[in-house]
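Step one of this worksheet: look at the structure below.
Naming: A, B, ... by sequence-line order, numbering from 1 per chain. Only heavy atoms go into these numbers, but all of them, side chains included; no hydrogens, no water, no symmetry mates.
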Number of protein chains: 2
Amino acid sequence: MREKTERIIHEWTDSCDAEVSIAVLGGAWKPSILTLLGEHGVLRFGELGRLLKDPTARVLTRQLRELEDDGLIIRTVYRQVPPKVEYRLSELGASAAPLLAELTTWGTLYAGTQREASAAKTDENEAVA
Amino acid sequence: MREKTERIIHEWTDSCDAEVSIAVLGGAWKPSILTLLGEHGVLRFGELGRLLKDPTARVLTRQLRELEDDGLIIRTVYRQVPPKVEYRLSELGASAAPLLAELTTWGTLYAGTQREASAAKTDENEAVA
DNA sequence: CCGGATCCGCTGAGATACTG
DNA sequence: CAGTATCTCAGCGGATCCGG
């Protein structure tokens, strides 16, 4: 498990396990990676890179390592030339699928309402008692 | 809406609305704040501070402002001495309640499995084809 | 009582160049 | 093909001091 994840789990044990989820799933490309692996089953490093909007190899590597360290994905290295590395969801990673779906749904809803709300300026947020 | 939120909404319109949710809900104390407001209905600044584990006033203020800018909470200022400021969920903020619940549920699950997994070291993540 | 202004340290995204 | 090694740069969380 990543140090960051561990810190959050142990320091916040009280009220806010939601922060744990965000710590694990929040990170550039991570929701996309998990969703793609859920859809495709198994993907190679290069395939993931192309399916996402071409993140730097450095960045993609780091996200994948973090997801691996946090136990969400499984990395399989085939020692051959040229090298071949496959990624797939772990059981834990697969268990996040419904949550990812909800995140997407609410995100879509939010983006929609905010695009409209840009027009109507409501400034009734001050009351005089 | 915050600049950051707007950026994410417009740059990532494609695949990953989950990142929008995380951008909006992810931030120190934010899930807790939203959950507390959901439970209590209306809370004053000081009450929130005490219910959370006493974040710096500065920090709490910033989180509340961001949530307000993103349209999730409503801030009501009573112009009196001493000042009084109340916070409550907007409709949009209330709509995130189920999502927050799922985040918490999965976070709890995750924290549980990881605490056990610390013992069993599985290193079957290399195959030779 | 509820903040605003200011400064700081860290982490995390991204770019660039190189390697088994 | 699938990375690693360095670097930079921005942003957030946090602390401290001041203000209406």
Rounded to whole Å, how long is the line connecting atom [atom1] of [X] with atom [atom2] of [N]?
X     : N      : atom1 : atom2 : value
B:K30 : D:dG11 : NZ    : P     : 14 Å
B:D69 : D:dG11 : CG    : C1'   : 16 Å
B:L67 : D:dC12 : CG    : C1'   : 14 Å
B:R65 : D:dC12 : CZ    : P     : 16 Å
A:R2  : C:dC10 : CZ    : C1'   : 15 Å
B:D54 : C:dC1  : CG    : P     : 13 Å
B:L48 : C:dC1  : CG    : P     : 15 Å
B:L52 : D:dG14 : CG    : C1'   : 15 Å

Would you please confirm or rule out a distance under 4.0 Å between OP1 or OP2 of [N] and any side-chain N or O of [X]?
X     : N      : result
A:R75 : D:dG3  : yes
B:Q80 : C:dC1  : no
B:W29 : D:dG14 : yes
A:R58 : C:dA15 : no
A:Q63 : C:dG12 : no
B:T61 : C:dC2  : no
B:Y87 : C:dC2  : no

### Task
State which of C:dG20, D:dG3, D:dA15 makes the closest approach to the side chain of A:P83.
C:dG20
### Message
Taking the minimum atom-to-atom distance to the side chain of A:V59, which one of D:dA2, C:dC1, C:dA13 wins?
### Response
C:dA13
#### Entry: Residue met sooner reading DNA chain D from 5', once A:R62 and A:P82 are mapped to nucleotides
A:P82
## Note on the structure
CG (B:L48) and CD (B:Q63) are apart, to the nearest 0.5 Å, by 12.0 Å
## Note on the structure
Taken to the nearest 0.5 Å, the spacing of A:R58 CZ from A:R62 CZ works out to 5.0 Å
### Basic-acidic side-chain contact under 4.0 Å: B:K4, B:E66
no
### Query
With a non-hydrogen cut-off below 4.0 angstrom, is B:G27 in contact with a base, only sugar-phosphate, or nothing?
sugar-phosphate
### Query
Any donor and acceptor pair, going by atom type alone, linking the side chain of A:S90 with main-chain N or O of A:G71 inside 3.5 Å?
yes
### Query
Hey, mind stepping through A:R2 and A:D69 against salt bridge (charged side-chain N to carboxylate O under 4.0 Å, His left out) and telling me if it holds?
CA-CA 6 Å; A:R2 280 188 302 158; A:D69 289 345; over 6 Å; no
